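Since this is a predicted model, take the numbers as computed values, not measurements. Below, read A as the first sequence line, B as the second, and so on, with proteins coming before strands; counting in each chain starts at 1.
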Number of protein chains: 2
Amino acid sequence: MRIGELSERTDTPRRLLRYYEEQGLIVSERCTNGYRSYSEATVDRVLQVRGLLDAGLPTRIIKQILPCLDKPRAIHFPDATPEMIATLERERDRMTARIDCLARNRDAVADYLDAVISLRDSGAGGSSSDLGGQGELRERIDERS
Amino acid sequence: MRIGELSERTDTPRRLLRYYEEQGLIVSERCTNGYRSYSEATVDRVLQVRGLLDAGLPTRIIKQILPCLDKPRAIHFPDATPEMIATLERERDRMTARIDCLARNRDAVADYLDAVISLRDSGAGGSSSDLGGQGELRERIDERS
DNA sequence: AGCTTCCCTCACATCGGTGTGACGGTTCGA
DNA sequence: TCGAACCGTCACACCGATGTGAGGGAAGCT
């Protein structure tokens, strides 16, 4: 498939597809005219890349973890140098930290929404003040990195 | 506490603390000389902000969800306009998507690491090829946004 | 042939988070 | 009283992800 179709199917500007390729996140072949040609699998790859980018990982890191993600999860581990392993372990832990932070805060937002919605549905209209209501709000302390 | 201490305790450049304040993510009082003065709670707030920033949320969004996160989780819902609620719901869902994407990929990295390490420990030294080994690698397909 | 639509490369612009330094005031200990 | 260490504002610079457009081929329709 050419870049236009890939762009549509992934909802990603062509500009960015070329950029991702330049950063080594996706690959393409070239037709006899210079057009880029992508395999079907690139669609998922692009979606994956964009998800990670959106989750705050820089292209540099994404590029490093991509080899872990290759489709048939074959047993072709590259050289797997100790530094490479250390890097992956570090990134795995950073991802875990991100997940925890996001989850905590998402839960807080969700709780807030649940409370405000049940409040609204049960009649009470106004804004601030009032203590000693019937809706119990559990504590939620967050910190992190 | 003044900005220097906050900076040390949160491992955050003063520059950024001022920036976060400018973006409305933290607040400060001012001493009689113009020095900023922070409450103890600001330490956690800064950590929280940095965690979210690191997880890919822009300050604009963080600012919007912060009211949901206030410490005693009091019942002082502000006006809570419908648009505000809609925004929060959207962000909650985006955070969930991020979490899922990160978790999937983190698990893939973790599996890869487990495999490569157990392989190394069980003797086999080399690089690529070989199919039909004893370490079963489960499939792992990811996509997303 | 001409027109439209796709593709190419190149390059400059923007935006958000961050680094850095200039320049000046305050606090405090030697 | 001097100097070090702290604070303030302002402003320019950087980097990574992204937008945008210029200038030019290639493919396909009519």
Exercise for review: Could you state the atom-to-atom distance from CD of A/Glu8 to C1' of C/dT5 in whole Å?
Suggested key: 13 Å

Check your understanding: Think B/Asn33 has a side-chain N or O under 4.0 angstrom from the OP1 or OP2 of C/dT27?
Key -> yes

Check your understanding: Hey, is the main chain of B/Ser7 close enough, under 3.5 Å, to the side chain of B/Thr12 for a donor-acceptor pair?
Key -> no

Practice item. Flag the pair B/Arg45 / B/Leu66 as yes when at least one side-chain heavy-atom distance between them is below 4.5 Å, and no otherwise. Key: yes

Review point. Just to confirm, is there a sub-4.0 Å distance from OP1 or OP2 of C/dC7 to any side-chain nitrogen or oxygen of A/Arg15?
Key: no

Point to revise | Atom pair distance, as rounded to whole Å: CE in A/Met1 and P in C/dC6 | key: 16 Å

**Study point:** Any A/Arg30 side-chain nitrogen or oxygen under 4.0 Å from OP1 or OP2 of C/dT9
**Key:** yes

Review point. Any side-chain heavy atom of B/Tyr38 within less than 4.5 Å of one from B/Glu21?
Key: yes

Check your understanding: Counting side-chain heavy atoms from C-beta on, which of C/dT18, D/dG19, C/dC7 comes nearest to A/Leu16?
Key -> D/dG19

Review point. Distance check: side-chain N/O of A/Arg18 vs OP1/OP2 of C/dC8, anything under 4.0 Å?
Key: yes

Check your understanding: Atom CG of A/Leu57 and atom C1' of C/dG17: how far apart are they, to the nearest Å?
Key -> 16 Å

Review point. Taking OP1 and OP2 of D/dG8, is either one under 4.0 Å from a side-chain nitrogen or oxygen of B/Arg36?
Key: yes

Check your understanding: Has B/Glu89 got more than 12 heavy atoms of other residues, nucleotides or ligands less than 6.0 Å from its CD?
Key -> yes

Review point. For B/Thr59 and C/dG16, is the shortest distance between a side-chain N/O and OP1 or OP2 below 4.0 Å?
Key: no

Review point. OP1 or OP2 of D/dG19 less than 4.0 angstrom from a side-chain nitrogen or oxygen of A/Tyr19, does that happen here?
Key: no

Review point. Between D/dT9 atom C1' and B/Glu22 atom CD, what is the distance in whole Å?
Key: 11 Å

Revision key, fill the gap. Assert: residue with more 5' nearest nucleotide on DNA chain D, out of A/Thr32 and A/Gln23, is A/Gln23

Review point. Does a side-chain N or O from A/Tyr35 land closer than 4.0 Å to OP1 or OP2 of D/dA27, or not?
Key: no

Exercise for review: For B/Leu6 and D/dG8, give me the distance from atom CG to atom C1', rounded to whole Å.
Suggested key: 16 Å

Check your understanding: For A/Asn33, does the CG atom sit with more than 12 other heavy atoms under 6.0 Å from it, leaving out its own atoms?
Key -> yes

Review point. Rounded to the nearest Å, what distance is computed from the CG atom of residue B/Asp11 to the P atom of nucleotide C/dT18?
Key: 12 Å

Review point. Nearest-Å distance, CD (A/Glu29) to P (C/dC7)?
Key: 16 Å

Point to revise | Distance, rounded to the nearest Å, where B/Leu52 contributes CG and C/dG16 contributes P | key: 18 Å

Review point. Closest to the B/Tyr20 side chain: D/dT18, D/dG8, C/dT18?
Key: C/dT18

